[in-house]
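Worth saying up front: this structure is predicted, and the values here are computed from it rather than measured.
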Amino acid sequence: MDLFLICDYAISHTSLKGLPRGIIEPKSDLELKPLWSTTSSQSKGDVSSTHNLLAVPVGLKQKRNVNTIVQKFLKENFTVILFHYDGKVDGWRDLDWHNKVIHIVAQNQTKWWFAKRFLHPAAVSIYDYIFLWDEDLGVQHFNPRRYLNIVKAEGLEISQPALDPNSTDIHHRITIRKRTNKFHRRVYDSRGSVKCSDDSEGPPCSGFVEGMVPVFSRAAWHCAWHLIQNDLVHGWGMDMKLGYCAQGERSKKVGVVDSEFIVHQGIQTLGGASVKKVVHLDSVFCTFPSLSVFAVYIPLVFIS
């Protein structure tokens, strides 16, 4: 059992003492289960020794791009969960993989809102790595398997693929791809108000990944989930704090992978001037492939 789960179990032990010994199951996962168990499905078992998760907030306007991303990750046996912030989940049903991924719908909510509520460490404890990505990413030059091989070999607990220099929206030089590198952990820059040198030990010079495309190890996500505040909306500045969850020195455990890079298209699809200050959320829908729609109605009001 994961060390963190042992600690959580110890804390809640008094409330569980009424349960028979051996029945307690402190964790879950996002793997889809058949409605009816058959001999063939039982014999198949779990053929994969590793599990990885891709979670993306999506809107129908970015359907073509998201389709490309999801297909690439499904080929590498990733579990995929889509957070529909525009409520238009029916618009995805024509895609071949629609019934192979999990769809969660909540109107006008952000990535961090979804992650805090649906990616609890106990629910994602079987996944070795969790990709919490935005939807406006070009993945033509990215391969998930090769990426994870580098991350594991270099001991990176928190990472991101480098950004193509031709990306539309680049905020920090450390995220830009270095063509001759396999990966890098820091950047050197004498320009601007922030000077980055060998003496720089923190973001944005070293130990930094950007909030649009982070990749977490299981242990790092357990920490990061607790770092996310319950009222966090857009997550601005969140990436500056992720180094606290590096499971060691952030200058060594956080890095940017250059050989597997992406293009950030910088398309803003959620929010803007047309969104009202007060958003009324009447219901949260959780839909699962091959099942009837399951709805949990929660009367909530969120102030953004």
Can a salt bridge be assigned to the pair Asp258 and Arg177 using a cut-off of 4.0 Å between side-chain N and carboxylate O? no
So does [Y] get a backbone contact from the side chain of [X], meaning a donor-acceptor N/O pair under 3.5 Å?
| X | Y | value |
| --- | --- | --- |
| His120 | Ala122 | yes |
| Gln247 | Cys245 | yes |
| Asn52 | Tyr127 | no |
| Asn143 | Arg146 | yes |

Are side-chain N/O atoms of Ser200 and Tyr188 paired as donor and acceptor at under 3.5 Å? no
Gap between atom [atom2] of [Y] and atom [atom1] of [X] - 0.5 Å precision:
| X | Y | atom1 | atom2 | answer |
| --- | --- | --- | --- | --- |
| Leu54 | Leu132 | CG | CG | 9.0 Å |
| Ile267 | Asp134 | CD1 | CG | 11.0 Å |
| Trp225 | Leu119 | CH2 | CG | 10.0 Å |
| Thr79 | Ile81 | OG1 | CD1 | 9.5 Å |
| Ile130 | Leu53 | CD1 | CG | 5.5 Å |
| Phe142 | Phe261 | CZ | CZ | 11.5 Å |

Are [X] and [Y] close enough that some pair of their side-chain heavy atoms sits under 4.5 Å apart?
| X | Y | value |
| --- | --- | --- |
| Ser259 | Tyr147 | no |
| Ser159 | Glu154 | no |
| Lys111 | Val56 | no |
| Leu82 | Val70 | yes |
| His264 | Leu137 | yes |
| Leu227 | Lys241 | yes |
| Asp189 | Lys195 | no |
| Glu249 | Glu201 | no |

Indicate, with yes or no, if the rings of [X] and [Y] have centres closer together than 6.0 Å.
| X | Y | result |
| --- | --- | --- |
| Tyr85 | Phe114 | no |
| Trp112 | Phe83 | no |
| His103 | Trp92 | no |

With a sphere of 6.0 Å drawn around NZ of Lys252, does it hold more than 12 non-hydrogen atoms of other residues, nucleotides or ligands? no
Is Ile23 atom CD1 crowded by more than 12 heavy atoms from other residues, nucleotides or ligands, each under 6.0 Å away?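 No, the 6.0 Å shell around CD1 holds no more than 12 heavy atoms from other groups.
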Enumerate, atom names and distances included, each donor-acceptor pair closer than 3.5 Å involving a side-chain atom of residues 208-217, sequence neighbours excluded.
unit_1: Glu210; atom_1: OE2; unit_2: His171; atom_2: ND1; d: 2.6
unit_1: Ser217; atom_1: OG; unit_2: Glu157; atom_2: OE1; d: 2.3
unit_1: Ser217; atom_1: OG; unit_2: Ala220; atom_2: N; d: 3.2

Show, in sequence, the C-alpha distance, side-chain angles and deciding distance for Thr68 and Val139, and conclude whether the side-chain contact (heavy atoms from CB on, under 4.5 Å) test is met. CA-CA 8 Å; Thr68 301; Val139 294; 3.9 Å; yes
Start with the C-alpha gap between Asp94 and Lys63, add the side-chain angles, then the distance that decides, and say whether salt bridge (Lys or Arg N to Asp or Glu O under 4.0 Å) holds. CA-CA 11 Å; Asp94 61 317; Lys63 180 179 178 180; 2.6 Å; yes
Under a single-linkage definition using a 4.5 Å side-chain heavy-atom cutoff for Ile, Leu, Val, Met, Phe, Trp and Tyr, are [X] and [Y] assigned to the same hydrophobic cluster?
| X | Y | answer |
| --- | --- | --- |
| Phe183 | Ile174 | no |
| Val256 | Leu148 | no |
| Trp113 | Leu242 | yes |

Criterion side-chain contact (heavy atoms from CB on, under 4.5 Å) on Lys116 and Leu232, from CA distance to verdict: CA-CA 9 Å; Lys116 185 66 174 179; Leu232 186 66; over 6 Å; no
Provide the full list of disulfide (SG to SG under 2.5 Å) pairs with a residue in residues 104-210, sequence neighbours left out, each pair given once.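 For residues 104-210: Cys196-Cys205.
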Tell me, which pairs form a salt bridge (charged side-chain N to carboxylate O under 4.0 Å, His left out) where one or both residues lie in residues 70-79, sequence neighbours left out?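 Output for this query lists Glu76-Arg145.
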With sequence neighbours left out, what residues match Gln71 under side-chain contact (heavy atoms from CB on, under 4.5 Å)? Asn67, Trp97
Name all residues meeting the side-chain contact (heavy atoms from CB on, under 4.5 Å) criterion together with Ile126; count only those two or more places apart in sequence or in a different chain, and write none if there are none. Asp29, Glu31, His51
Mind checking salt bridge (Lys or Arg N to Asp or Glu O under 4.0 Å) for Asp96 and listing every partner two or more places apart, or none if nothing turns up?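 For Asp96, no residue satisfies salt bridge (Lys or Arg N to Asp or Glu O under 4.0 Å) once neighbours in sequence are set aside.
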Just do the side-chain contact (heavy atoms from CB on, under 4.5 Å) check on Asn65 and Glu135 with the steps written out, would you? CA-CA 7 Å; Asn65 196 64; Glu135 62 183 332; 5.6 Å; no
